[in-house]
Amino acid sequence: MSNQPKNLQVGKNVVIHADVRMGDNVTIGDNTVIYSGTEIGNEVEIGANCVLGIIPGGNQRMRKTGTDRAPLRIGNGTKIGHLVSIYSGTTLESYNFIGDHASIRENVRIGKETVIGRAALVELNTTIGDRCTIQTLVYVTGDTTIEDRVFIGPCVSMSNDKYMGAKNYSMKGPHIRTEAKIGNNASLLPDVTIGEKTIVGAGAVVTKDTENGVIVTGVPAKVLKEGNEAE
Amino acid sequence: MSNQPKNLQVGKNVVIHADVRMGDNVTIGDNTVIYSGTEIGNEVEIGANCVLGIIPGGNQRMRKTGTDRAPLRIGNGTKIGHLVSIYSGTTLESYNFIGDHASIRENVRIGKETVIGRAALVELNTTIGDRCTIQTLVYVTGDTTIEDRVFIGPCVSMSNDKYMGAKNYSMKGPHIRTEAKIGNNASLLPDVTIGEKTIVGAGAVVTKDTENGVIVTGVPAKVLKEGNEAE
Amino acid sequence: MSNQPKNLQVGKNVVIHADVRMGDNVTIGDNTVIYSGTEIGNEVEIGANCVLGIIPGGNQRMRKTGTDRAPLRIGNGTKIGHLVSIYSGTTLESYNFIGDHASIRENVRIGKETVIGRAALVELNTTIGDRCTIQTLVYVTGDTTIEDRVFIGPCVSMSNDKYMGAKNYSMKGPHIRTEAKIGNNASLLPDVTIGEKTIVGAGAVVTKDTENGVIVTGVPAKVLKEGNEAE
């Protein structure tokens with residue numbers, strides 16, 4: 001990054017607050033708002049009507065993350081669609097694609113060449129690896145770990161609160177291991193582990209950990225077939 | 001409210017139409033649009049790129065509500081995220097939190113200290129009580145009643161049209177009683193009642209009324225266990 | 001259309017790029033962005049903070065459609081809500097209604113008098129017929145065919161990739177025939193056909209083709225009852 005970015009293209013009515021750092025060859029669409037402290041790498045493309053670098057707020061009934069002061073970092077070559085919201089305290093490493101209407105909260109780390117689909121929502125304190133595909137309208141709950149090359153089909157839902165607000169529970173989302181595939185509209189319960197290369201069928205409700213390399217389907221999800229491709 | 005609000009902070013490119021009333025210590029983010037008649041209380045925070053106080057329109061195939069002339073009222077201490085849309089004819093009482101990308105239609109009443117999650121959608125003619133948690137991507141259909149301290153997990157879906165457009169039916173959404181908890185991605189059918197303190201499992205499809213204080217799971221949902229905590 | 005449209009009403013901070021064609025009596029809300037080439041018919045109403053006529057981009061891991069040069073065409077009498085995104089290469093014929101927060105990608109064709117619900121997402125290469133109701137938060141995957149007078153309940157999910165990214169597969173979404181009705185939060189798998197006047201129950205997971213005029217429910221969906229209303 002430099003203080004004098006080359007080839008910066010900024011649309012109309014864009015609001016760039018103080019102390020935003022830009023790399024070279026950055027494009028920003030019309031009516032987008034970028035809050036203070038945001039760091040934008042080289043060759044980044046940002047769509048119209050986005051809100052980026054949001055400082056977490058919340059009310060007295062919501063969790064605080066303590067990362068309020070870290071910036072949003074958008075790595076080289078990342079493309080961000082239109083009408084997207086992303087919080088400060090989050091890092092998108094490089095060459096990621098963030099679809100229109102998507103929203104990513106604070107204290108999230110996304111690796112390289114990952115696709116976050118349109119209107120997908122990623123909650124706080126979550127890590128997503130490299131070359132993942134998180135499809136349209138997926139809900140990635142807070143405190144979730146998604147390893148590399150995971151495929152999550154459209155409308156998959158996750159939760160991280162075993163007691164649904166009733167007890168003082170340390171939130172824990174799913175842990176989805178490398179190359180797992182989750183079918184569309186499946187539901188993953190708090191703290192379940194999806195094994196490496198495991199396949200979860202569409203509409204399945206996963207209530208407990210799965211082995212590596214299996215196929216699980218149904219409500220609640222049961223093993224349909226032992227796989228033989230996992231290491 | 002006063003004609004000369006104190007400490008009003010308005011972002012850039014904000015469009016405030018005629019006859020908007022403001023309390024003291026109101027903050028409005030960049031690029032937000034507020035339509036005529038909207039009433040905003042004290043200590044209200046509104047994010048960027050929102051559209052508030054929308055006059056209901058629709059086309060000839062959609063219902064009219066007859067509330068076109070009532071304003072949107074945003075009560076004291078309410079926080080509204082970014083990229084949110086809310087219609088006129090709706091009242092948010094006080095100290096509510098409305099997440100980013102959420103949308104609330106006309107003729108809705110929301111009590112106090114309730115959280116409406118990110119990208120949650122609340123349809124017309126619906127009442128939501130105090131201290132409820134409506135999580136991310138929940139769909140609250142029209143003509144729904146949600147009492148106090150209800151917890152609705154992410155991606156829960158509801159419907160209000162028993163005949164799916166086929167008959168002339170008076171729409172009726174679910175009635176969710178006090179302190180009920182609905183697991184993520186569950187589906188509630190038109191006109192079902194969820195009993196007080198009842199728990200609906202993740203991914204369940206609730207096709208008929210449930211008793212108070214029970215746990216129901218599965219497709220269709222059946223009683224897993226009688227509870228003993230309900231009054 | 002004419003070069004001098006009559007009664008054009010444009011809000012504040014609207015960004016209209018070069019070569020946008022307008023009919024008469026068009027209304028455009030505040031802070032909306034309209035990209036080059038877009039063609040807007042007569043009596044079209046567009047809400048605030050929309051982004052219309054987006055040129056498809058994507059990254060190297062996403063499909064190209066080859067329709068980058070076709071415009072977005074918005075037919076007469078269409079109403080578009082607030083915070084909506086629609087891509088170039090798509091045609092909305094006439095008198096359609098597109099809800100707030102909805103998103104429609106490139107190379108889509110929507111007939112006449114169809115309702116696309118709030119926050120519904122329609123992917124590329126899809127055809128939707130006349131007088132359909134696609135409700136709130138429905139996900140219409142790419143390469144899908146929806147015939148006339150189809151009703152799709154809230155939060156219905158579809159997928160088009162049988163191998164979830166694992167094989168080189170020609171994507172194929174569902175084919176939903178005339179007057180079929182899909183219950184809320186149902187899941188449709190790739191390449192399934194839903195028969196004419198068939199009803200899919202709420203929360204059902206449809207894994208294979210259905211006959212005309214039947215009712216299917218459950219996970220996986222099975223025939224509940226033979227219908228007798230289909231031709």
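Lettering follows sequence order; numbering is per chain, from 1.
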Could you give the distance from CD1 (C:Ile86) to CG (A:Asp100), rounded to the nearest 0.5 Å? 11.5 Å

Which of C:Thr32, C:Ile54, C:Thr207 touches chain A most, by non-hydrogen pairs under 4.5 Å: C:Ile54

Is chain A contacted by the side chain of C:Val206, its backbone, both, or neither, given a heavy-atom distance below 4.5 Å? neither

Name the member of C:Val33, C:Val219, C:Thr141 that forms the most heavy-atom pairs with chain A at distances under 4.5 Å. C:Val33

Please flag which part of C:Ala204 lies under 4.5 Å from any non-hydrogen atom of chain A: side chain, backbone, both or neither. neither

Please determine, among A:Gly81, A:Ala119, A:Gly201, A:Pro154, the option with the most heavy-atom pairs under 4.5 Å with chain C. A:Pro154

For A:Asp209, check side chain to side chain contact (heavy atoms under 4.5 Å, CB included) against everything at least two apart and list the hits. A:Val192, A:Thr193

Give, as side chain, backbone, both or neither, the part of A:Ile199 having an atom under 4.5 angstrom from any heavy atom of chain C. side chain

Is it the backbone or the side chain of C:Tyr163 that comes under 4.5 Å from a heavy atom of chain A, or both, or neither? backbone

Proximity breakdown for C:Ala221 and chain A, heavy-atom pairs closer than 4.5 Å: neither

Which one wins on heavy-atom pair count under 4.5 Å against chain A: C:Cys50, C:Ser103, C:Ala186? C:Ser103

Within the 3.5 Å criterion, strictly below it, is a donor on A:Asn185 or C:Ser157 matched to an acceptor on the partner's side chain? no

What residue, out of C:Asn31, C:Leu121, C:Leu189, has the most heavy-atom pairs lying under 4.5 Å from chain A? C:Leu121

Below 4.5 Å, heavy-atom pairs only: which of C:His101, C:His17, C:Met158, C:Glu123 has the largest tally toward chain A? C:Glu123

With a 4.5 angstrom heavy-atom cut-off, is it the side chain or the backbone of A:Asn13 that approaches chain C, or both, or neither? side chain

Apply side-chain contact (heavy atoms from CB on, under 4.5 Å) to the pair C:Leu137 and A:Leu137, showing each step before the final yes or no. CA-CA 9 Å; C:Leu137 274 170; A:Leu137 273 170; 3.8 Å; yes

Contacts of type side chain to side chain contact (heavy atoms under 4.5 Å, CB included), residue A:Arg149, not counting sequence neighbours: A:Arg131, A:Thr178, A:Glu179

Can any side-chain N or O of A:Lys181 pair as donor or acceptor with the backbone N or O of C:Met164 at less than 3.5 Å? yes

Are A:Asn184 and C:Tyr139 close enough that some pair of their side-chain heavy atoms sits under 4.5 Å apart? no

For C:Leu83, is it the side chain, the backbone, both, or neither that has a heavy atom closer than 4.5 Å to a heavy atom of chain A? both

Given A:Gln135, A:Lys12, A:Arg118, the one with more heavy-atom pairs under 4.5 angstrom with chain C than any other is A:Arg118

Locate the shortest heavy-atom distance separating A:Ala202 from C:Val205; write the atom from each residue and the value. O-CG1, 3.7 Å

